[in-house]
Each structure stands twice: as structure tokens, then as C-alpha cells.
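Start at 1 with the first residue, then count along the sequence. Quick caveat: nothing in here was measured; it's all calculated off a predicted structure. One-based numbering, in listed order, for ligands and for the atoms of each.
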Amino acid sequence: MNPVSYEIIDQIGVIAVNNPPVNALSFAVRSGIQAALRAAQDDASKAILIICEGGTFFAGADISEFGKPPKEPYLPDLIDEIEASGKLVVAAMHGTALGGGFEVALGCHYRIALDTARVGLPEVKLGLLPGAGGTQRVPRLVGIAAALQLILDGAPIPAIAAAEAGLVDKIVSGDLRVAALAYVQELVARNAATRRTSELNVPAADEQVFAATRIAVAKSARGQTAPLRIIESVQASLLPFAAGRKRERELFVDCMQDPQSVALQHLFFAEREAARIKDLPRDIGKRRIERVAIIGAGTMGGGIAMCFANAGFDVTLLEINADALARGLSIVEKNYAGSVQRGKLSEEDAGACRARIHGVTDYDALADVDLVIEAVFEDPQLKKGIFAKLDAVCRRGAILATNTSYQDVDAIAAATGRPEDVIGMHFFSPAHIMKLLEVVRGEKTAGDVLATVMALGKKIGKVPVMSGVCYGFIGNRMLQGYFREAQLCLIEGSTPEDIDAALYDWGMAMGPISVADLAGLDVGYKARQALAPDQRGDPRSYRVPDALVAAGRLGQKSGAGFYRYDPATRAKSADPEVMQIVEREAQALGIQRAPIDANEIVERLIFALINEGMNILDEGIAQRPGDIDVVYAYGYGFPAWRGGPMHYADTIGLNYVIERIEEFRERYGSNNWQPASLLKTLVANNSSLARWAE
Ligand code: 3HC
Ligand code: NAI
């Protein structure tokens with residue numbers, strides 16, 4: 001079916017596009033628009049309107065066509081043809097006019113938008129630049145500095161703000177089609193010119209802005225190539241339009257061929273795919289969730305309460321006593337004040353969100369809620385006791401969730417008479433900010449409970465990924481090998497700074513040693529103590545952390561851990577005392593310390609992640625490699641432009657990964673290094689994770 005229709009209404013040629021779900025500018029859409037545009041040049045229409053049906057104006061080029069041979073008409077050429085039209089062309093935008101979609105609008109002579117619409121150029125998030133004239137036309141309309149900001153940021157802005165900036169001509173409310181037709185009539189009546197953005201001059205700018213932006217981007221988009229190409233492309237807008245457009249095209253092609261863009265596109269689709277549970281029908285019925293209760297107002301409970309309150313839910317927050325409740329609520333208030341200070345929320349909105357959170361100390365208050373999320377101390381007995389209590393007080397059909405980081409969700413579910421209603425909802429700290437939500441499916445969790453929680457996660461702005469039950473689920477289980485290798489590198493010869501710098505420079509948001517200090521060394525210590533000695537992993541890997549805990553060094557919270565922290569500024573510095581402890585423990589173990597190069601540090605840590613990821617796939621704990629990538633990109637500061645650990649493994653080649661793991665096995669022993677059987681099978685079959693996942 002042709003997604004593009006054309007008809008003349010009151011002398012206006014209306015090109016209407018209907019290409020669900022987001023009106024992506026696929027080949028069929030581009031060729032349909034071109035045919036209609038050409039027909040309109042010679043018919044009785046006086047002007048042309050481009051409008052979309054469904055929920056949105058074009059949300060961009062069709063990303064699923066990337067990497068395939070391009071088919072004419074190419075989008076940039078089509079947009080030039082629109083702009084060159086002898087008859088007036090107007091774009092009418094609603095929903096999200098993004099990327100190539102917004103570039104179509106920029107090629108039109110006038111732009112009208114609904115007051116609810118959002119516009120933007122999110123290409124940078126896919127490792128691309130707006131390659132259909134965006135880097136050339138936006139500077140001509142709003143100047144260099146504003147163009148750089150919009151394109152480098154990539155976040156959509158309200159159409160109203162775009163109108164104030166000069167990117168949109170008219171804002172309307174109500175029926176867009178009616179308003180747009182009236183607007184075109186008005187333009188025709190006043191003989192409005194075919195205003196071509198490409199013919200404008202870029203407003204004069206201080207050339208310093210480019211150098212300053214390069215410096216800023218080196219920090220804010222560390223390691224990424226697309227932002228630098230964006231700056232260069234915007235700089236090319238100072239050339240005559242045709243030359244600038246040519247440069248934009250070359251830089252766009254460079255982006256397309258860059259593994260960073262392939263990685264970011266992979267994550268875009270992986271995130272959406274992760275929402276789908278393979279063995280559940282898409283249209284499975286879901287339970288209604290309106291009232292939510294959280295048990296425990298500590299670090300996690302308070303943040304989780306904020307997530308739901310911010311999304312408009314009524315939240316009951318239960319603590320053990322009035323003091324603990326007051327402490328928890330005061331942290332919530334401080335967090336809201338912080339959001340207001342940082343301009344994330346208006347004072348009024350923050351007040352409204354805060355007012356949705358009601359503190360209680362009595363379980364009777366939970367009788368009618370639709371969902372309870374337990375976030376008390378990580379103590380299995382305590383958790384089981386709470387679930388037994390919930391079983392007694394909560395209404396039938398309520399969903400009972402635990403935020404446990406490691407505990408067995410099935411054992412917790414067994415403490416109730418309704419294990420089918422029990423599920424894990426593993427948020428990440430700080431819970432009101434971090435996007436990842438691991439949804440842990442117990443052996444008996446009902447399909448509709450799982451589907452409800454996955455959908456709910458999206459509703460509160462999280463990225464939900466399903467995990468099966470195992471110690472640490474997907475993310476924390478993989479982290480064990482990563483942290484083990486960090487500690488082994490430390491005791492074998494590196495310093496905390498060497499290890500952190502190696503991983504940070506490779507792209508991780510934070511080095512592993514700093515992460516341990518941030519999380520608190522006592523947390524890992526207690527988790528180890530709760531395990532039988534033979535389950536704690538290589539004892540050499542926790543000699544130093546145990547010694548630090550024994551010395552009262554618990555990390556940032558106690559002012560010292562692997563580093564020392566300035567009490568006033570929290571700035572960290574290296575601490576010779578730590579190196580004395582490291583040397584002492586190494587000596588006690590008979591280890592001759594010797595420096596380890598950065599590449600080996602990175603490979604030992606990252607390949608440990610990859611290998612465990614393979615085991616997780618083999619056991620069916622994660623549904624697909626992409627799910628693991630989403631977990632790491634959204635929950636663990638893994639550089640999105642490397643696509644996540646599993647995509648990265650495919651990128652460098654599984655042959656290389658196994659070769660290095662086998663070398664590590666030879667050198668460091670088979671207790672820590674055993675190539676996963678899935679890795680062996682894939683290498684033997686000359687295959688990849690991407691192919692395995694198909
Ligand atoms: N191409 C192909 N498919 C797309 C798409 C695109 N540009 N944008 C969204 N989709 C698909 C999604 O994969 C999803 O498919 P699925 O249902 O099979 O999983 C479906 O549309 C719905 O998407 P969402 O689940 O994301 O729906 P939301 O309503 O939450 O969000 C959206 C809608 C804001 C449009 C969001 O999808 C989005 O941000 N899309 C990407 C926009 C973008 O990056 N555009 C720029 C593309 S690059 C470009 O234009 C290059 C040019 O400069 C030359
Ligand atoms: P926390 O110690 O900050 O908070 C726990 C809260 O639970 C305390 O305020 C305590 O008073 C309250 N509490 C204890 N027993 C209670 C009871 N019987 N009824 C009501 N309230 C009770 O702990 P945190 O860090 O918030 O952790 C909570 C859970 O979240 C744990 O299971 C933990 O593993 C998990 N988690 C923690 C993360 C983190 O980074 N801190 C990340 C993800 C999950």
C-alpha cells in the first residue's frame with residue numbers, strides 16, 4: 001500500500017503520509033512524496049501542504065534501512081527538491097518531528113506546528129549527524145551557537161520553544177489539519193514568498209565558538225566521534241550552501257561507516273526489543289496499577305517512591321518506625337529541592353510530586369494497593385518475613401515485588417501463598433535517575449504480572465530488561481568477574497589510579513575501583529560474608545578490600561577507601577597508605593608485584609564481563625545478547641558507543657576474545673578463566689552473537 005496520498009483541497013495540494021508507527025521516511029515514503037510533489041507542480045493547486053497521519057510527523061529517516069544499499073530518491077535530494085519547488089510548500093508538524101523528519105520541515109518554505117509537538121535533531125544519539133541539510137539550514141535560521149547546541153544535545157525541544165528561536169513560524173492548537181489548511185490559504189492570499197532557507201546567510205558568529213565547543217565536547221562526549229563531525233559540519237555552513245551540503249554529506253557517510261554509529265543503532269533497537277518477552281503474546285492482558293507502596297525509605301526506597309510520584313502515581317511509603325520514616329522523607333525532600341535547583345523540575349511540580357508520597361508505619365495501609373515494592377536491607381530472612389506479612393494484608397491480585405540485588409526471588413516468593421504474583425524489580429542507584437530496571441521473572445511469576453511490570457517500567461521512564469533468577473541477575477552477576485579482575489590487577493602490580501584510568505580512558509563512565517568506593521566497601525564485604533567461603537570467588541581478589549574494611553575504610557561515605565576523599569569537596573586523591581596495604585597483602589600471598597599495561601587491564605576486566613555474559617545467555621537468564629548490552633549501557637556506565645559488552649565482543653571478533661581468554665587461563669589459572677561453552681561453540685562455527693540471536 002502506498003503510504004503517501006495526494007489530493008487537492010480548496011486549491012491546496014495536500015501530501016498526506018501514513019507510515020505507522022512513526023512515519024519514518026522509508027523508501028516508499030520518499031518516493032511517494034517526490035511523485036506527489038512533482039504532480040503538484042503542474043496541477044491546479046496553488047500551494048502544497050505536507051502533513052502526517054497517526055501519532056506523529058516524520059520521526060526521522062528509516063533507521064532499519066541503514067546499512068543496506070541506499071535507494072533513490074535520497075532524503076537530502078528530496079528535501080532540496082521540496083525547497084526548490086516553484087509552488088509554496090508548508091510543513092504541518094505534530095507529535096515528534098525528529099531528525100530527517102525535522103529536516104523535511106526545514107526544507108519547506110513555512111512551518112506550522114501543534115503546541116504539543118516537539119522537534120529536534122537526535123542523530124547524535126545514533127552516532128550520526130543531521131545529514132539531510134540540518135547542519136546547514138539550522139545555522140541559517142538560528143545562528144551557529146544555537147545550532148551547535150540543538151544538534152549536539154540531540155534532545156527534542158517543544159515546538160513553542162522552536163518557534164521562539166525562529167525554527168517554526170506558527171503554533172496552533174486543536175485540529176492541525178484544519179489549522180494548517182487555513183494557514184496555507186492565508187499565505188497564498190498574502191502572496192507569501194517561497195522562502196528558501198538555503199538562500200539565507202548564516203548570521204555572523206564569533207569563530208571562537210567552534211574551538212570552545214570542541215573543548216566542551218571532548219569532556220561531555222568523551223571518546224565519541226559524531227559530535228566532532230557535527231561541529232565540523234556546522235562550521236561548513238559558513239561556506240556557500242552547495243559546498244556546505246557536500247561537506248555535510250561526506251561527514252554523514254563517515255559517521256555511517258563508523259563502528260560507533262553501528263553500535264548506537266544496535267542499542268536503539270536492542271532497547272526496544274528488550275521490552276518484548278519472547279514467550280508471551282504481545283496483547284496479553286495487564287493488571288491495573290494506580291496505587292503503589294514501597295517498603296523501606298532508605299537509599300533505594302526513597303528514590304523508587306520518587307520515580308512513581310513523578311509519573312503521577314499515588315505512593316505509600318512504609319518504614320519501620322516514625323524516626324526512620326522522617327529520615328527517609330527528608331532525603332526525598334532534599335532530592336526534590338536538588339531537582340528544582342538544577343532546573344529539572346519547577347517548584348510547583350516538585351511540590352505536587354512530593355505531595356503524592358504518603359509516609360506510613362503500619363502495614364494495614366497496604367491493604368488496597370495494586371503494587372508493593374520491598375526495598376529493605378539485603379537480608380533474606382527479613383525479606384521473607386515481609387513477604388509473608390504482605391501475603392496476609394494485601395488484596396488478591398496485587399503484585400508483590402522485591403528490589404533485592406542478589407537474593408533468590410523464588411525463595412522470597414515461596415514465603416507467600418501466591419508466588420505467581422511475586423516478581424523482582426531491581427532498580428539502580430540513584431533510583432530516581434538511573435534508567436535501568438531489571439525485571440526478575442521468578443519460576444512461578446504469572447505472565448500478566450511480568451507483562452504489567454515491563455509496561456509499568458516504561459511508564460515511569462525506565463528501560464526494563466527481563467532477567468531470570470540467579471545470584472546477582474544479569475548485571476551484578478557479570479560484575480563479579482569484572483571486579484575480581486580489577487582486584488587481581490591491583491594486588492598483582494597496578495595502582496587504583498592505573499586501573500581506573502585504563503577503564504575510564506576506554507570509555508567506562510567510572511573506573512571499577514572508584515565504583516567500589518562509591519558503593520561502599522562494606523556492602524561487598526557483607527555480601528561476601530553471607531556466602532559460603534567456596535562461593536566467594538578467588539580469595540586473592542578480596543584480600544585488599546577486606547583489609548580496607550578492617551581498617552575502617554568503607555569508601556566515600558567514611559572519607560577513605562581505595563582513595564582518600566576531601567571531607568569538604570569529596571575530591572579524591574591517591575593514598576600511599578592503601579599501597580602499603582596492597583604491598584603487605586601481596587607479600588603475604590607471595591605475589592611479586594609488577595606493572596600491568598592498560599590494554600591488559602582493560603581486556604581482563606571486559607573479557608571477564610563478556611565471558612559471563614555468554615554463560616548467562618546459555619542458561620537463558622537473559623533472552624538475547626542485546627538485552628545484556630542494554631543492561632550495561634543503562635545501568636553500569638558502559639560506553640553506549642561501544643554497543644554494550646556483547647556487541648563489542650562481536651565487533652572485535654569472538655576468535656580474538658577466546659584467544660585472549662585462553663591465554664589468561666594459561667597465565668592466571670583455570671579457576672578464573674574458562675571460556676564459556678557458548679563462546680566455544682560460536683567460535684567453532686565461525687559465528688557471532690548477532691547471528692546466534694537471529
Ligand atoms: N526508523 C525506523 N523505525 C523507527 C524509527 C525510525 N527513525 N523511530 C522509531 N522506530 C520504530 C521503533 O523501532 C519501534 O518499533 P517496534 O515497535 O517494532 O519496536 C516503533 O517505531 C515505535 O518506537 P518507540 O517504541 O521508540 O515509540 P515511542 O513512542 O516511545 O517513541 C520516538 C517514538 C520518539 C519517535 C522514538 O521512536 C525515537 O526517538 N525514534 C528515533 C528518532 C530518530 O533518531 N530519528 C533520527 C533518525 S536518523 C536520521 O533521520 C538521519 C537523517 O539526518 C539523514
Ligand atoms: P538502606 O539501608 O539505605 O535502606 C533500607 C531501609 O529499609 C532502611 O531505611 C530501614 O529502616 C528500612 N527497613 C528495614 N527493615 C524494615 C521493615 N521491616 N519494614 C520497613 N522498613 C524497613 O538500603 P538500600 O541501599 O536502600 O537497599 C535496599 C534494598 O535495595 C536491598 O535489598 C539492596 O540490595 C537493594 N539495592 C540497593 C542498591 C544500592 O545501590 N544501594 C541498588 C539496587 C538494589
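In this comparison of Gly60, Ala59, Gly95, the heavy atom closest to atom 43 (C) of ligand 1 sits on Ala59. One option in Tyr363, Phe377, Phe427 has a heavy atom closer to atom 19 (N) of ligand 2 than any other, and that option is Tyr363. Closest to atom 54 (C) of ligand 1 by heavy atom, among Gly101, Cys255, Gly131, Ala275, is Gly131. Looking at Ile304, Val376, Ile331, it is Val376 that brings a heavy atom closest to atom 22 (C) of ligand 2. Relative to atom 33 (C) of ligand 1, the option among Leu75, Val22, Leu121 with the closest non-hydrogen atom is Val22.
Between Asp258 and Arg229 a salt bridge is recorded (basic side-chain N to carboxylate O distance below 4.0 Å). Ion pair Glu374/Lys383 flagged as a salt bridge, since at least one NZ, NE, NH1 or NH2 atom sits closer than 4.0 Å to an Asp/Glu carboxylate oxygen. Using a cutoff of 4.0 Å between basic side-chain nitrogens and carboxylate oxygens, Glu65 and Arg30 are scored as salt-bridged. A salt bridge does not link Asp77 to Arg249: none of the charged nitrogens lies less than 4.0 Å from a carboxylate oxygen. Using a 4.0 Å cut-off between a side-chain N of Lys or Arg and a carboxylate O of Asp or Glu, Arg137 and Asp80 qualify as a salt bridge.
Given atom 14 (C) of ligand 1, the protein heavy atom at minimum distance is Arg272 CD, 4.1 Å. Protein heavy atom closest to atom 2 (C) of ligand 1, with residue, atom name and distance, is Asp62 OD1, 3.3 Å. The nearest heavy-atom contact from the protein to atom 15 (O) of ligand 1 is Pro21 CG, 4.7 Å. Here the protein heavy atom with the shortest distance to atom 30 (O) of ligand 2 is Asn403 ND2, 2.8 Å. Of all protein heavy atoms, the one closest to atom 25 (O) of ligand 2 is Thr299 CB, 3.7 Å. Protein heavy atom nearest atom 4 (O) of ligand 2, with residue, atom name and distance: Gly298 CA, 3.2 Å. Closest protein heavy atom to atom 39 (O) of ligand 1: Leu98 CD1, 3.9 Å. Closest to atom 32 (O) of ligand 2, if we only count protein heavy atoms, is Glu378 OE1, 2.5 Å. At the shortest separation from atom 40 (O) of ligand 2 among protein heavy atoms lies Ser429 CB, 3.3 Å. Given atom 21 (N) of ligand 2, the protein heavy atom at minimum distance is Glu319 OE1, 3.5 Å. Scanning all protein heavy atoms for the shortest distance to atom 27 (O) of ligand 2 gives Met300 CG, 3.9 Å.
Considering backbone and side-chain N/O atoms, Gly100 comes within less than 3.5 Å of an N/O atom of ligand 1. Residue Ala61 has at least one nitrogen or oxygen atom sitting less than 3.5 Å from a nitrogen or oxygen atom of ligand 1, judged on distance alone. For the pair Glu123 and ligand 1, the shortest N or O to N or O distance falls below 3.5 Å.
Using a 4.0 Å cut-off between heavy atoms, Gln265 makes no contact with ligand 1 at all. Contacts between Arg276 and ligand 1 below 4.0 angstrom, taking non-hydrogen atoms only, involve the side chain exclusively. Residue contacts with ligand 1, taken as heavy atom pairs separated by less than 4.0 Å, involve Ala24 solely via side-chain atoms from C-beta onward. Counting heavy atoms under 4.0 Å from ligand 1, residue Glu103 touches it through the side chain alone.
Between the side chain of Asp408 and the backbone N or O of Ala411, at least one donor-acceptor pair lies under 3.5 Å. For Ser31 (side chain) and Phe27 (main-chain N/O), a donor-acceptor pair under 3.5 Å exists by modelled atom type. A donor-acceptor pair under 3.5 Å is formed between the side chain of Gln260 and the backbone N or O of Thr225. Judged purely by atom type and a 3.5 angstrom limit, Gln34 has no side-chain atom pairing as donor or acceptor with the backbone of Pro73. No donor-acceptor distance shorter than 3.5 angstrom exists from the side chain of Arg247 to the backbone of Ala236, with no hydrogens or angles considered. Of the possible donor and acceptor atoms, none in the side chain of Asp517 sits under 3.5 Å from a partner among the backbone N and O of Gln556.
Looking only at atom types and distance, the side chain of Gln407 has no donor-acceptor partner in the side chain of Thr402 under 3.5 Å away. Judged by distance alone, the side chains of Gln136 and Ser237 never bring a donor and an acceptor atom under 3.5 Å apart. Counting only N and O atoms by type, the side chains of Tyr634 and Glu271 include a donor and acceptor under 3.5 Å apart.
Ligand-side atoms of ligand 1 in range of Lys458: 25 (O), 30 (O), range being under 4.0 angstrom from any heavy atom. Of all the atoms in ligand 1, the ones that sit under 4.0 Å from a non-hydrogen atom of Ile63 are 1 (N), 2 (C), 6 (C), 7 (N). Of all atoms in ligand 2, numbered sequentially from 1 with element shown, those under 4.0 Å from a heavy atom of His426 are 43 (C), 44 (C). Close contacts between ligand 1 and Gly99 involve ligand atoms 46 (C), 50 (O) [criterion: under 4.0 Å to a heavy atom]. Close contacts between ligand 2 and Gly296 involve ligand atoms 7 (O), 12 (C), 21 (N) [criterion: under 4.0 Å to a heavy atom]. Atom numbering of ligand 1 starts at 1 in the shown order; those under 4.0 Å from a heavy atom of Phe268 are 8 (N), 9 (C), 13 (O), 40 (N), 41 (C). Close approach of ligand 2 to Lys383 is summarised as follows: ligand atoms under 4.0 Å from at least one heavy atom of the residue are 31 (C), 32 (O). Interface atoms of ligand 2 facing Ile295, defined by a heavy-atom separation under 4.0 Å, are 19 (N), 20 (C). Short contacts between ligand 2 and Thr404, defined as distances under 4.0 Å to a heavy atom of the residue, involve ligand atoms 32 (O). Listed by number with element, the atoms of ligand 2 under 4.0 angstrom from any heavy atom of Leu382 are 15 (N), 18 (N). Under a 4.0 Å criterion applied to the non-hydrogen atoms of Ser405, ligand 2 contributes the atoms 33 (C), 34 (O), 35 (C), 36 (N), 37 (C), 43 (C), 44 (C). When each atom of ligand 2 is checked for a heavy atom of Ile386 under 4.0 Å away, the hits are 17 (C), 18 (N).
Around atom CD of Gln149, no more than 12 heavy atoms belonging to other residues, nucleotides or ligands sit under 6.0 Å away.
In this structure, Tyr636 has its ring center at least 6.0 angstrom away from the ring center of Tyr482.
Classification of the His266-His647 ring pair by plane angle, with boundaries at 30° and 60°, yields parallel.
Contact annotation for atom 8 (N) of ligand 1: protein present (non-hydrogen atoms, distance under 4.0 Å). Per-atom contact check: atom 31 (O) of ligand 1 does not touch the protein, criterion being a heavy-atom distance below 4.0 Å. Protein heavy atoms all stay at least 4.0 Å away from atom 27 (O) of ligand 1.
The minimum heavy-atom distance between Phe387 and Thr416, with the atom names listed, is O-CG2, 3.5 Å.
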side-chain hydrogen bond (donor to acceptor under 3.5 Å, both in side chains) between Asn403 and His426: does it pass, once the steps are laid out?
CA-CA 5 Å; Asn403 179 49; His426 184 211; 5.1 Å; no

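In this structure, Arg477 forms no cation-pi arrangement with Phe473, as its terminal cationic atom is not both closer than 6.0 Å to the ring centre and no more than 45° off the ring axis.
A heavy-atom separation below 4.0 Å is found between Ala375 and ligand 2.
A 4.5 Å side-chain heavy-atom check between Cys52 and Phe58 finds at least one atom pair inside the cut-off.
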